[in-house]
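Values below: every heavy atom of this structure, side chains too, minus hydrogens, waters and symmetry copies. Labels below follow one simple rule: chain letters A, B, ... track the order of the sequence lines, proteins then strands, and each chain is numbered from 1. All values derive from a computational prediction rather than experimental measurement.
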Amino acid sequence: MSRYNALKADAHWQGEWDARRTFAADDHSPKPRAYVLEMFPYPSGRIHMGHVRNYTMGDVLARYRRMTGHEVLHPMGWDAFGMPAENAAMEKGTHPGTWTRANIATMKAQLKRLGFALDWTRELATCEPDYYGHEQALFLDLFAGGLVYRKESAVNWDPVDMTVLANEQVIDGRGWRSGALVEKRKLNQWFLKITDFADDLLDGLAELKDWPDKVRLMQENWIGRSQGLTFSFQLLPAGGEERIDVYSTRPDTIFGASFVAIAADHPIARALAETREDAAEFIARCKAGGTTAAELETQEKLGFDTGLTVRHPFDPAWTLPVYIANFVLMEYGTGAVMGVPAHDQRDLDFARKYGLAVRRVVSDGDRTDPVFEGDEAYTGPGTIVNSHVLDGMDVAEAKRAVIERAEAEGWGSGTTVYRLRDWGVSRQRYWGTPIPIIHCAACGAVPVPREQLPVTLPEDVTFDVPGNPLDRHPTWKHVACPSCGADAVRETDTLDTFVDSSWYFIRFASQPDDRPFDRAVAERWLPVGQYIGGVEHAILHLLYARFWTRALKHIGRLDIAEPFAGLFTQGMVTHETYRAEDGRWLSPPEVADGIEIATGAPVTIGRVEKMSKSKKNTVDPEPIVDQYGADAVRWFMLSDSPPERDLPWSEAGIEGAWRFVQRLWRIVTTDAEGEGGDIALRKLAHRTVRDVAADIEALQFNKAVARLYTLASAIEKAQPSADRHAAAHTLLLLTAPMVPHVAEEAWAARGGAGLIADAAWPEIDPAMLVDDEVTVAVQINGKLRDTLTLPKGAPKEALEAAALASDKIVRALEGKAPRKVIVVPDRLVNLVA
RNA sequence: GCGGACGUGGCGAAAUCGGUAGACGCUGCCGACUUAAAAUCGGCUUCCUUCGGAGUACGGGUUCGAGUCCCGUCGUCCGCACCA
């Protein structure tokens with residue numbers, strides 16, 4: 001028997017699938033539908049192992065669904081706008097489009113080389129006008145629907161690169177490329193009203209049963225809904241109209257308040273800075289403080305006593321000092337808080353530092369003393385004390401009582417506050433979707449008329465000077481106002497690339513030329529049945545896509561609320577790290593047997609970590625595929641590690657996978673058609689069909705792989721028989737979604753009809769799933785002493801008798817009778833001695 | 001700091017409902033085939049000294065019985081991060 005030639009077979013069957021358009025989805029098929037989607041890649045240059053793992057998982061599911069009679073939509077495209085293309089343009093002088101399209105061509109060839117069952121007829125790239133033009137139309141729909149607005153907002157501004165930076169691009173207060181100190185700058189920016197949907201997005205999470213709990217929790221925290229009281233403190237001297245509004249989730253502790261703190265950029269603080277130099281200095285100090293996590297961790301809580309006082313709402317005679325504090329955020333709540341030191345750690349630290357009263361108002365067990373001692377604020381449940389009318393209530397009652405009173409007396413009201421902010425989508429960059437708005441001095445922001453879409457990016461741009469090429473382009477932005485005809489300018493900002501990825505799954509489902517999607521067709525496919533990608537998108541992308549879909553529903557364009565019914569977040573591909581004696585990182589090919597090949601010097605083998613260029617522990621999939629073939633790589637990606645966990649790449653592992661491909665080939669091609677039966681093997685085959693199906697549907701590929709190994713070994717050990725031949729046939733069908741090339745080659749060699757890609761998943765004979773014998777464990781005091789093989793369904797008495805008759809048990813009992821006998825039918829007998 | 005997940009052999013792991021811990025793979029060792037090697041095939045591979053015992057991070061608890069449930073401790077990883 002000849003060895004299986006993977007490279008030849010890969011090329012042949014990939015050509016065959018292409019030519020027959022095997023994986024093109026039919027919008028009009030009467031079959032049940034399955035939409036399987038993996039997060040589309042950014043065309044950075046070459047695919048990496050993470051892509052291979054992600055797309056292999058989706059591919060197995062897609063191919064399995066085809067076999068179980070579904071019309072499968074499994075598309076692929078490119079998240080093609082974004083900064084790396086502009087960086088490449090700056091470094092290499094190539095146009096971002098040239099760079100991006102070349103990368104797409106390379107990566108598409110690499111994906112094809114892996115034999116994924118993708119519908120390439122629906123391929124899309126977000127950087128092409130036939131995609132982003134429709135996105136502009138949708139943006140204008142949302143604009144017309146009142147979900148888009150423009151406001152001045154603070155951004156991170158890199159004064160050297162003359163561009164806005166995302167928070168992630170600010171490292172220790174400096175621009176990640178230029179190293180320049182980042183400034184806060186106010187710019188007019190476009191926002192999408194995601195906060196309108198905050199409740200809906202939060203409540204909708206409960207319905208997403210097939211999402212990981214972790215992701216739902218992350219989104220829940222991100223939305224950050226809290227209930228509390230927004231109320232005002234009247235500023236003294238009395239009679240003045242001025243008030244400070246605060247938000248508190250603990251109105252029950254209002255009698256424990258000992259100060260009010262406002263943000264450095266609160267209007268009252270700013271007004272004060274106009275007249276008082278020391279206040280202005282303090283505010284400047286607050287703003288100079290870093291905003292990175294590490295800096296916040298160590299930063300001291302600072303306050304500035306404004307000398308202002310406010311009146312306590314429950315007691316006109318009681319006044320509280322007003323501080324400006326560096327820990328109060330203008331962006332959250334009202335930008336002012338009431339400080340209750342006894343029941344908030346941060347307030348306690350602050351009060352101790354500035355000598356303010358610390359008054360207990362919630363009892364901690366028996367402790368009701370008015371002066372709060374101790375280093376930790378008490379935030380637990382308890383009875384309200386030292387609070388006049390509230391005394392004796394529990395925390396929840398007191399909250400209600402204070403809110404009721406505030407509402408009755410008109411100084412406050414119960415409110416819901418969110419951590420979630422509206423989505424700022426303006427980016428001062430070239431390589432993105434132009435925002436289809438024209439600014440006219442007379443008419444304001446005017447939408448570009450539909451017939452003028454798409455607003456395309458000009459090709460003649462340069463990146464040799466910093467700033468936005470669209471803004472400095474000589475002609476592009478100068479247009480007539482669509483409304484009044486006067487000279488006007490285009491918006492030169494482009495959309496956040498997260499907008500591009502917020503609806504691509506809809507465009508995959510339906511892509512007419514003249515509009516973003518056909519509603520009826522899109523609704524036939526959506527929601528995506530199974531979405532697979534990295535957990536790094538757990539919040540932003542997935543939340544934005546959920547918002548966008550709801551927004552389309554809100555304006556009546558699509559009757560789908562949740563875009564992704566099932567979500568799976570796969571683990572990373574990791575690898576050992578290697579370091580030379582002088583500390584240089586070494587790549588895997590530079591190392592053999594703990595020795596650096598070039599120098600012969602020993603190498604320090606480091607932790608297994610995520611593949612990264614900086615640690616040089618990446619493995620390029622392409623040469624691996626060229627060496628072992630696509631199936632071995634796919635099989636390895638599915639083996640061993642549970643898909644949600646990290647997968648350590650190893651040379652031994654890929655070789656093991658390659659051996660299995662060869663072994664599978666041998667089993668199914670050298671399989672003689674013998675006579676007679678082999679009932680045990682037949683049963684195993686049927687059980688494996690059932691179990692592998694369940695494993696694939698649960699995305700537990702590692703378990704499916706283990707079962708297939710077991711079946712393969714059993715077939716190898718079996719004598720030729722009709723059942724053995726049938727079991728080999730079953731094995732071939734079950735492995736086909738995972739290793740489709742060798743499966744096609746073997747299918748053809750065995751004379752199978754058509755393609756195995758079009759074959760049906762094997763039927764299960766329920767009679768083959770029942771066993772007439774079971775292995776029963778016999779324990780003494782819970783410890784295993786013997787196992788017995790008994791007929792299935794044997795009565796308890798029979799089990800007990802068989803157990804007591806066992807030699808090992810008789811010996812272990814030493815003639816004593818058990819005090820008690822526990823019998824679990826078909827499982828075990830436990831003798832309590 | 002807050003929230004969450006996890007901790008099982010030399011390694012990746014499995015163990016459906018509380019019921020035979022370590023399936024399956026990798027590595028390693030022994031053997032067969034071979035002039036030899038590769039490939040392939042067979043066997044062994046949790047630990048301890050044998051009978052046997054111990055063992056799922058550690059310490060307790062519930063139970064006839066705990067990897068699984070409860071309490072506590074330690075450790076690792078992830079998310080958020082001054083959110084009032």
Side-chain angles (χ1 to χ4, degrees), chain A residues 3 212-215 217-222 224-226 228-229 246-250 253 260-261 263 289 291-297 299 301 325-329 331-340 343-347 349-350 379 417-420 535-536 538-539 574 608 635-636 639-642 644-657 659-660 662-663 666 691 694 698 700 702-713 716-717 775-788 818-824 826-833:
Chain A
R3 175 179 279 197
D213 292 341
K214 176 193 171 85
V215 174
L217 189 69
M218 282 165 72
Q219 293 216 349
E220 194 181 313
N221 292 339
W222 187 262
R225 178 160 68 190
S226 73
L229 173 68
V246 304
Y247 170 71
S248 174
T249 54
R250 295 296 304 275
T253 64
V260 168
T291 53
T292 63
E295 282 168 312
L296 289 175
E297 181 95 20
Q299 208 168 65
K301 307 284 177 271
N326 64 345
F327 61 83
V328 180
L329 302 173
E331 301 82 47
Y332 184 78
T334 60
V337 300
M338 75 165 173
V340 183
H343 304 291
D344 181 285
Q345 189 60 45
R346 198 186 40 203
D347 294 348
D349 295 343
F350 191 82
T379 55
V417 167
Y418 303 90
R419 210 190 77 106
L420 182 71
V535 73
E536 66 273 19
I539 299 174
T574 58
V608 175
W635 186 255
F636 180 62
S639 309
D640 296 347
S641 287
E644 69 279 6
R645 256 187 255 179
D646 289 350
L647 171 70
W649 175 269
S650 74
E651 198 68 20
I654 182 65
E655 279 175 13
R659 272 200 302 274
F660 177 76
Q662 294 294 339
R663 200 173 142 207
R666 270 198 316 277
D691 294 343
Q700 296 181 326
N702 56 320
K703 287 160 72 173
V705 163
R707 292 187 211 285
L708 291 167
Y709 271 114
T710 306
L711 179 59
S713 296
E716 279 175 323
K717 287 184 173 72
T775 307
V776 174
V778 183
Q779 302 174 329
I780 294 176
N781 294 335
K783 296 203 175 182
L784 183 71
R785 295 293 162 180
D786 198 6
T787 58
L788 307 170
R819 284 193 293 124
K820 192 176 172 188
V821 181
I822 314 271
V823 180
V824 182
D826 292 338
R827 287 224 80 135
L828 63 74
V829 179
N830 188 18
L831 306 169
V832 185

Rounded distance in Å - [atom1] ([X]) to [atom2] ([N]):
| X | N | atom1 | atom2 | result |
| --- | --- | --- | --- | --- |
| Lys783(A) | G19(B) | NZ | P | 18 Å |
| Tyr332(A) | C83(B) | OH | C1' | 4 Å |
| Arg819(A) | U63(B) | CZ | C1' | 14 Å |
| Gln700(A) | A13(B) | CD | C1' | 13 Å |
| Asn781(A) | G19(B) | CG | P | 19 Å |
| Glu220(A) | A81(B) | CD | C1' | 17 Å |
| Ile780(A) | G53(B) | CD1 | P | 10 Å |
| Asn702(A) | C11(B) | CG | P | 18 Å |

My validator wants the stems of RNA chain B: runs of 3 or more consecutive Watson-Crick or G-U pairs, both distances under 3.5 Å, written as range with range. B:1-7 with B:74-80, B:10-12 with B:24-26, B:28-32 with B:40-44, B:46-48 with B:52-54, B:57-61 with B:69-73
Using a heavy-atom cut-off of 4.0 Å across all strands, would you classify [X] as base, sugar-phosphate, or nothing?
| X | answer |
| --- | --- |
| Glu331(A) | nothing |
| Arg346(A) | base |
| Val328(A) | base |
| Arg785(A) | sugar-phosphate |
| Asn830(A) | base |

Nearest to the side chain of [X] - [options]?
| X | options | result |
| --- | --- | --- |
| Thr775(A) | U20(B), G12(B), C80(B) | U20(B) |
| Lys717(A) | A23(B), G42(B), A13(B) | G42(B) |
| Glu716(A) | U20(B), G79(B), C41(B) | C41(B) |
| Ser248(A) | A84(B), G79(B), U20(B) | A84(B) |
| Arg827(A) | C24(B), G19(B), A14(B) | G19(B) |
| Ala777(A) | G79(B), G12(B), U20(B) | U20(B) |

With sequence neighbours excluded, what pairs up with Phe327(A) under the ring-ring contact (aromatic ring centres under 6.0 Å, His included) test? Phe350(A)
Please work out whether G9(B) sits syn or anti, treating a glycosidic angle within 90° of 0 as syn. syn
Please classify C77(B) as syn or anti, treating any glycosidic angle within 90° of 0 as syn. anti
Do Lys301(A) side-chain and C82(B) base share a donor-acceptor contact under 3.5 Å? yes
With RNA chain B as reference, determine whether Leu329(A) or Trp222(A) sits nearer its 5' end, using the nearest nucleotide of each. Trp222(A)
Sequence neighbours left out, what passes salt bridge (charged side-chain N to carboxylate O under 4.0 Å, His left out) with [X]? Give chain and number order.
| X | result |
| --- | --- |
| Asp349(A) | none |
| Glu536(A) | none |
| Arg250(A) | Asp252(A) |

How would you list, by chain and number, every residue that makes a side chain to side chain donor-acceptor pair (under 3.5 Å) with Arg225(A), sequence neighbours excluded? Asp199(A), Asp203(A)
With sequence neighbours left out, write down each residue that passes side chain to side chain donor-acceptor pair (under 3.5 Å) with Gln219(A), or none if nothing qualifies. Arg546(A)
Partner set under side-chain contact (heavy atoms from CB on, under 4.5 Å) for [X], not counting sequence neighbours:
| X | answer |
| --- | --- |
| Asp344(A) | Arg346(A), Asp347(A) |
| Thr710(A) | none |
| Val705(A) | Trp635(A), Leu638(A), Ser639(A), Tyr709(A), Met738(A) |

Listed pairs, N/O of protein and of nucleotides 25-32 of chain B, under 3.5 Å:
unit_1: C26(B); atom_1: OP1; unit_2: Arg659(A); atom_2: NH2; d: 3.0

What are the atom names and distances for every N/O pair under 3.5 Å that joins the protein to nucleotides 2-9 of chain B?
none

Between Pro648(A) and Thr574(A), is there a side-chain heavy-atom distance shorter than 4.5 Å? yes
